[in-house]
Amino acid sequence: MKRLLCSVILAAAAIMQAFSQPIDPDNLPEFKFKDQGLERSYFLYIPEDLPEGAPLLFYLHGYGNTHPTNKGFCAVAEKEKFALCIPWAAVDPNNKHGWNVGYDMQKGYKIDDVKFIKRLAKHLQKEYNLSKTNVFVSGNSNGGEMCYLIAYREPKFFKAVAPTSGLTMKWMFDKLSPKQAIPLIEIHGTEDRTSEWNGLLDNHYWGPYCSVPLAVANWAIAAGCCHEVTEKLPLASPDAHQVIAHKFDSDTNGGVQVQLYEVIGSGHKLSTADFNYHQVIWDFFKQYLD
């Protein structure tokens, strides 16, 4: 009993020490969480003076990431006062840190990452007195695929999702159907050679996947969106890629929006030199705060 009490005290002291110093977005404090028989790692950015009941944002990294971080969302979290959690995917059958989204090369992989993210969210809500309802998810590439899978499976728990350079795998499109409307915003480069804008049906590594416009349209239809507004964003600089925002909404669906930001000529890696997409994502999310 004494040993357990000492462990709890030491853990609490470590948390207090981690957040008593200025946080380096490139070296966020790392914590552990046991789930499905594994000890999982996650990283936290807790802004100064975070209010009680603050929102929680998950950022899900891309495939094979060896040091998860996101300076862009850290800056927005500090400004907007929400907690940012960056969990680390477990090692998959390809010996890479990858979220289990049913890639062809992940056959036989049993980890349920949707359950992991939901359970971690509940743990953080309790640990840091965060909002019980305002939980959001953004993810890049493989993390973007997770956003779509979360939208299919847990639209009641997560308020909205924001995949970037993400895809809907064909198996998701064939086997799953939206349980309910969920706000969704996708940001994607038209010259992405890793996650092709027009989709691929003969990819034998990731597996076949849908075109980005079709994947987003699927959610616009599910949300009952019947109106589209298209807007060209002002160029951030003469060398910046043109960004076209496609915004789908309806006046009869309770305000659920679906958006697609088309970054003309951009590849798989998005750039804040084109536009501040981290802030754009949070501005989209905060429309749905309770």
Side-chain angles (χ1 to χ4, degrees), residues 14-33 40-62 65 67-89 99 116-144 146-147 150 157-166 182-187 259 261 269-290:
I15 292 172
M16 290 178 64
Q17 183 178 9
F19 293 113
S20 63
Q21 303 294 327
I23 301 173
D24 178 2
D26 287 323
N27 293 285
L28 297 177
E30 182 178 354
F31 301 94
K32 302 293 184 180
F33 181 72
R40 304 288 296 266
S41 290
Y42 65 94
F43 303 84
L44 276 180
Y45 188 90
I46 303 293
E48 291 186 23
D49 304 319
L50 188 70
E52 182 178 327
L56 171 62
L57 170 63
F58 283 97
Y59 170 73
L60 309 181
H61 63 76
N65 195 299
H67 183 68
T69 187
N70 192 300
K71 294 174 73 172
F73 274 131
C74 285
V76 179
E78 187 64 43
K79 174 186 172 186
E80 302 278 359
K81 301 304 179 189
F82 60 83
L84 173 65
C85 178
I86 306 177
W88 205 355
W99 304 106
F116 163 60
I117 298 299
K118 183 177 179 180
R119 289 167 180 165
L120 179 55
K122 290 183 176 180
H123 166 73
L124 295 173
Q125 287 168 337
K126 183 178 180 180
E127 191 77 13
Y128 296 97
N129 200 18
L130 302 174
S131 169
K132 297 295 189 293
T133 57
N134 293 319
V135 186
F136 304 90
V137 186
S138 183
N140 183 62
S141 192
N142 176 224
M146 270 293 293
C147 287
I150 284 170
F157 185 82
F158 297 94
K159 271 292 185 65
V161 297
T164 62
S165 303
I182 185 171
L184 180 146
I185 176 173
E186 163 82 43
I187 302 173
Q259 298 184 2
Y261 279 70
K269 186 176 181 180
L270 299 172
S271 173
T272 53
D274 293 328
F275 72 121
N276 186 356
Y277 62 90
H278 301 99
Q279 185 67 56
V280 167
I281 288 171
W282 184 251
D283 286 345
F284 179 80
F285 281 166
K286 68 184 182 183
Q287 300 175 91
Y288 301 100
L289 293 172
D290 288 338

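We number each residue from 1, following the sequence as shown.
- A heavy-atom distance below 4.5 Å is found between the side chains of Gln279 and Glu80.
- Under a cut-off of 6.0 angstrom, the local environment of NZ in Lys126 is sparse, with at most 12 non-hydrogen atoms contributed by other residues, nucleotides or ligands.
- Leu124 has its side chain within reach of Tyr42: a pair of non-hydrogen atoms, C-beta onward, lies under 4.5 Å apart.
- Taking the side chain as every heavy atom from C-beta outward, Phe43 and Thr69 never approach each other to under 4.5 Å.
- Lys118 has its side chain out of reach of Ile150: every pair of non-hydrogen atoms, C-beta onward, lies at least 4.5 Å apart.
- Side-chain contact between Phe73 and Ile86: absent, with no pair of heavy atoms (C-beta onward) separated by less than 4.5 Å.
- Side chains of Phe82 and Phe285 form no contact here, defined as non-hydrogen atoms less than 4.5 Å apart.
- Using a 4.5 Å cut-off on side-chain heavy atoms (C-beta onward), Trp282 and Pro55 make contact.
- Asp49 and Lys81 are not joined by a salt bridge, as no carboxylate oxygen comes within less than 4.0 angstrom of a charged side-chain nitrogen.
- The 12-atom threshold is exceeded at NZ of Lys132, counting heavy atoms of other residues, nucleotides or ligands nearer than 6.0 Å.
- Of all heavy-atom pairs between Pro183 and Lys159, the closest is CD-O, 3.2 Å.
- The line from CG of Leu120 to SG of Cys85 is 4.5 Å long, rounded to the nearest 0.5 Å.
- Relative ring orientation between Phe158 and Phe58 is described as perpendicular, the plane-to-plane angle rising above 60° on a 0-90° scale split at 30° and 60°.
- Across every non-hydrogen atom of Ile281 and Ala162, the tightest pair is CG2-CB, 3.6 Å.
- For His61 and Trp99, the ring centers sit closer than 6.0 Å to each other.
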